[in-house]
> 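Below is the structure I would like to discuss, written out as structure tokens.
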Amino acid sequence: MTDERNRGAKGDILLDMRDVVIDGYSDERWHEIIKGVSLTLNRGEVLGLIGESGAGKSTLGLAAMGFARPGCRLTSGSITFDGMELRSTRESDKRKLWGTRIAYVAQSAAAAFNPAHKLIDQTIEATMRLGTVSKAEAQADAIELYRAMQLPDADTIGFRYPHQVSGGQLQRAMTAMAMTARPDLIIFDEPTTALDVTTQVEVLAAMRDAVERFNTAAIYITHDLAVVAQMANRIMVLRYGEEMEQAETRKMLSAPEHPYTKSLWSVRSIQKKAETSDDYILEIKDLDAAYGKGKNVLHDVSIAVPRGKTVAIVGESGSGKSTTARVVTGLLPQNRGEVLFNGEALPPELKNRKKDQLQKIQMIYQMADTAMNPRQTVADIIGRPLEFYLGLKGKAKEDRIVSLLEMIELDESFYDRLPNELSGGQKQRICIARALAAEPELIICDEVTSALDQIVQEGILKLLMRLQKELGVTYIFITHDIATVQAISDEIVVMYQGAVVEQGLKTEIMSPPHPEYTQLLLSSVPEMDPDWLTNLLDGRAKAG
């Protein structure tokens, strides 16, 4: 697709935000959540916006579109996009900009797509609104963008519905959707959160290439410092709605000035000493599994999980990590092999498992947003397993809910809150409390920190490790984050294309020499070096 708009010269000011104040409504009053922040963005420039949960990153990113989410209001300041003052622009005129000249890539792709429409129809919607190309041309361009985003079966994947692709694939489709109209400005809000490290490398490269090729400006919101180092020309650090520091990327990485920025840089401090055990709570033996009558997606998988320890299962999207978890929990019956829990073979199908078997194996999901009923209070969410598994009611149930809140480092004031009144980290803590309410022996954690900023991640990981020490609970930790694996695991299982590549103590797996695929995973972990992605891609190109 050709771009016929006069975009202006690279380096011209595209976005100018001055003294922006945004109020949020909570506890029956308005209070400032963005406190007089200013920023300037040039055409073709990428600004990295970082800070912990609640810093105001996403709120400020949305404000760059002239938009305030429900419960927020733009109180004062100016937001000028290509000469237009967005605060005084009519809503109908701003809507003409959104999706065409200004695009937004959200963190949760699952919530951004309409489940009733095929991916390609949603991808080309903004382009068709412009009326500059035919539907066939728009679809052809979308397919090229799918290919650039490293989506499998690029020619046909767009004709699937959102529920028919993985979370990582959906995230890449949403990035392609944002790029179809060749916008002047893209707001990337944690766009690679759901991606494994090998896929992330390709997607980051594709996004950076698109930004450079089309002279697009971008605000890149992330909690991953190594990722922002690959994407951003400048970095702004936010905390509690205020700017802490702003500088050119290389300067910020090499010599941060503000104490808070320095604390972000050094946040990966926790490490768990790995120990072995011959007492296995879970044994997966010679497992084959498939969805429906299709071909096997798990091939001869065998994994042993020591009691009271943490086994991390790592691998790229489609490697079989979550499918293995589905078999363990009974959501997907295996075709061959067996799963032993405390030495007893578990029935393959969930409906055939006894109540105590269901109780002793719990799961915490990646997206806390979609894992909780938005109409239920915290007490309802935590209280359900207390009643179902333990038969607690009345005062006994209330007391146990408060006790569980204290266990996850939240107080009694959260008892009657709804999910939309919680931060991302608080939501995940509630999901942890819900799992603990059943008094399980094994908890499967499926990417439970991937959607959280690094400081909140640290808090959740430390919480999980403390609970393991206090309660003796065993974890299977499914993740694509090698830093998380380093922090929390005792043993590591590496999976690729439905099979186990290697497994063993963390110290053994992380030490060279590595099998080829493990080496690929480890080499794909971004480093806080702005040249890392370029050097990696150059090295792989030379290697053929």
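We use all heavy atoms of the structure for the numbers below, so side chains are in, but hydrogens, waters and symmetry mates are not.
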> Describe, in one word, how the ring planes of Phe67 and Trp98 are oriented to each other, choosing from parallel (under 30°), tilted (30 to 60°) and perpendicular (over 60°).
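Phe67 and Trp98: perpendicular rings.
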> For a side chain to side chain donor-acceptor pair (under 3.5 Å) check, start with the C-alpha distance between Gln171 and Thr192, then their side-chain angles and the critical distance, and finish with the verdict.
CA-CA 7 Å; Gln171 197 76 16; Thr192 62; over 6 Å; no
> Scan side-chain atoms only and decide if Arg43 and Thr216 contain a donor-acceptor pair under the 3.5 Å cut-off.
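Judged by distance alone, the side chains do not pair up.
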> For the pair Gln122 (side chain) and His117 (backbone), establish whether a donor and an acceptor sit closer than 3.5 Å, ignoring hydrogens and angles.
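Such a contact is found between Gln122 side chain and His117 backbone.
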> In Å and rounded to the nearest 0.5 Å, what is the CD1 to OH distance from Ile187 to Tyr104?
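Reported to 0.5 Å precision, the distance equals 8.5 Å.
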> Nearest 0.5 Å please: distance from the OG atom of Ser58 over to the CD1 atom of Ile221.
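Between atom OG of Ser58 and atom CD1 of Ile221 there are 4.5 Å.
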> For the residue pair Arg129 and Arg95, what are the closest heavy atoms and their distance?
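That would be NH2-O, 3.4 Å.
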> Just how far is it from atom CD1 of Ile186 to atom CZ of Arg101, taken to the nearest 0.5 Å?
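One gets 13.5 Å once the value is rounded to the nearest 0.5 Å.
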> Using a strict cut-off of less than 4.0 Å between a Lys/Arg side-chain nitrogen and an Asp/Glu carboxylate oxygen, indicate whether Asp446 and Arg326 qualify as a salt bridge.
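Salt bridge flag = no for Arg326 with Asp446.
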> Show your working on side-chain contact (heavy atoms from CB on, under 4.5 Å) between Leu39 and Arg234 and close with a plain yes or no.
CA-CA 11 Å; Leu39 66 85; Arg234 283 186 296 123; 5.7 Å; no
> Does a donor on one side chain and an acceptor on the other come within less than 3.5 Å for Arg182 and Thr127?
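No - no donor-acceptor pair under 3.5 Å links their side chains.
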> Measure up the Tyr161 and His163 rings against each other and bin them: parallel (under 30°), tilted (30 to 60°), perpendicular (over 60°).
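Plane angle under 30°, so parallel.
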> Closest heavy-atom contact between Met174 and Ala112?
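So the minimum-distance heavy-atom pair works out to SD-CB, 3.4 Å.
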> Is Gln503 atom CD crowded by more than 12 heavy atoms from other residues, nucleotides or ligands, each under 6.0 Å away?
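Result for CD/Gln503: enclosed.
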> Looking only at heavy atoms, which two atoms of Gly315 and Leu521 are closest? And how far apart?
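Shortest heavy-atom contact: CA-CD1, 4.1 Å.
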> Salt-bridge test for Asp369 and Lys427: reply yes if a basic N is under 4.0 Å from a carboxylate O, no otherwise.
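Yes.
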> Thr518 vs Glu502, test: side-chain contact (heavy atoms from CB on, under 4.5 Å). Steps then yes/no.
CA-CA 8 Å; Thr518 305; Glu502 64 171 332; 2.7 Å; yes
> Please give me the minimum heavy-atom distance between Thr249 and Pro530, naming the atom from each residue.
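Smallest interatomic distance, heavy atoms only, reads CG2-CG, 4.1 Å.
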> Can a donor-acceptor pair be found, under 3.5 Å and without considering hydrogens, that links the side chain of Gln139 to the backbone of Ile120?
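Not at all, since once roles are kept as given, no pair shorter than 3.5 Å links the two residues.
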> Has the side chain of Thr222 got a donor or acceptor atom that lies under 3.5 Å from a matching backbone atom of Val228?
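No, because the side chain of Thr222 does not come within donor-acceptor range (under 3.5 Å) of the backbone of Val228.
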> Checking Ser423 side chain against Gln426 main chain: does a donor-acceptor pair fall under 3.5 Å?
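It does hold such a pair.
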> Determine the minimum heavy-atom distance between Ser523 and Leu520, stating which atoms define it.
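Scanning both residues, the minimum pair turns out to be OG-O, 3.0 Å.
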> Under 3.5 Å, side chain of Thr261 to main-chain N/O of Glu257, donor-acceptor pair present?
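Between the backbone of Glu257 and the side chain of Thr261 there is no qualifying donor-acceptor contact (under 3.5 Å).
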> I need the minimum non-hydrogen distance between Val20 and Ile34, along with the two atoms involved.
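Of all heavy-atom pairs spanning Val20 and Ile34, the closest is O-CG2, 3.4 Å.
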> Can a donor-acceptor pair be found between the side chains of Arg208 and Thr534 at a distance below 3.5 Å?
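The criterion, which ignores hydrogens and geometry beyond distance, is satisfied for Thr534 and Arg208.
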> Taking Ser511 for its side chain and Glu508 for its backbone only, find out whether a donor-acceptor pair lies under 3.5 Å.
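No: the side chain of Ser511 does not pair with the backbone of Glu508.
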> Examine the side chains of Ser524 and Gln200 and answer whether a donor and an acceptor come within less than 3.5 Å of each other.
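No - no donor-acceptor pair under 3.5 Å links their side chains.
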> Do Glu32 and Lys35 meet the salt-bridge criterion of a basic N to acidic O distance under 4.0 Å?
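Salt bridge between Lys35 and Glu32, a charged N being under 4.0 Å from a carboxylate O: no.
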> Spell out, as yes or no, whether a donor-acceptor pair under 3.5 Å connects the side chain of Ser489 to the backbone of Gln486.
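No, Ser489 side chain to Gln486 backbone: no donor-acceptor pair under 3.5 Å.
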> Salt bridge check, Glu409 against Arg466: does any charged N sit closer than 4.0 Å to a carboxylate O?
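Yes.
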> Is it true that the side chains of Glu316 and His480 contain a donor and an acceptor less than 3.5 Å apart?
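Looking only at side-chain atoms, His480 and Glu316 do not form any donor-acceptor pair under 3.5 Å.
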> When you measure from the side chain of Lys57 to the backbone N and O of Gly51, does any donor-acceptor pair fall under 3.5 Å?
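Yes, the answer is positive, given that a donor and an acceptor are paired below the 3.5 Å cut-off.
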> Go through the steps for Ile102 and Phe81 under the test side-chain contact (heavy atoms from CB on, under 4.5 Å), then give the verdict.
CA-CA 9 Å; Ile102 305 176; Phe81 170 76; 3.7 Å; yes
> Using atom types as modelled and distance alone, determine if a side-chain donor or acceptor of Lys506 lies under 3.5 Å from a backbone N or O of Ile492.
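Looks like no, no N/O pair under 3.5 Å.
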> Is the shortest distance from a Lys or Arg side-chain nitrogen in Arg18 or Asp16 to a carboxylate oxygen in the other one below 4.0 Å?
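Yes, this pair counts.
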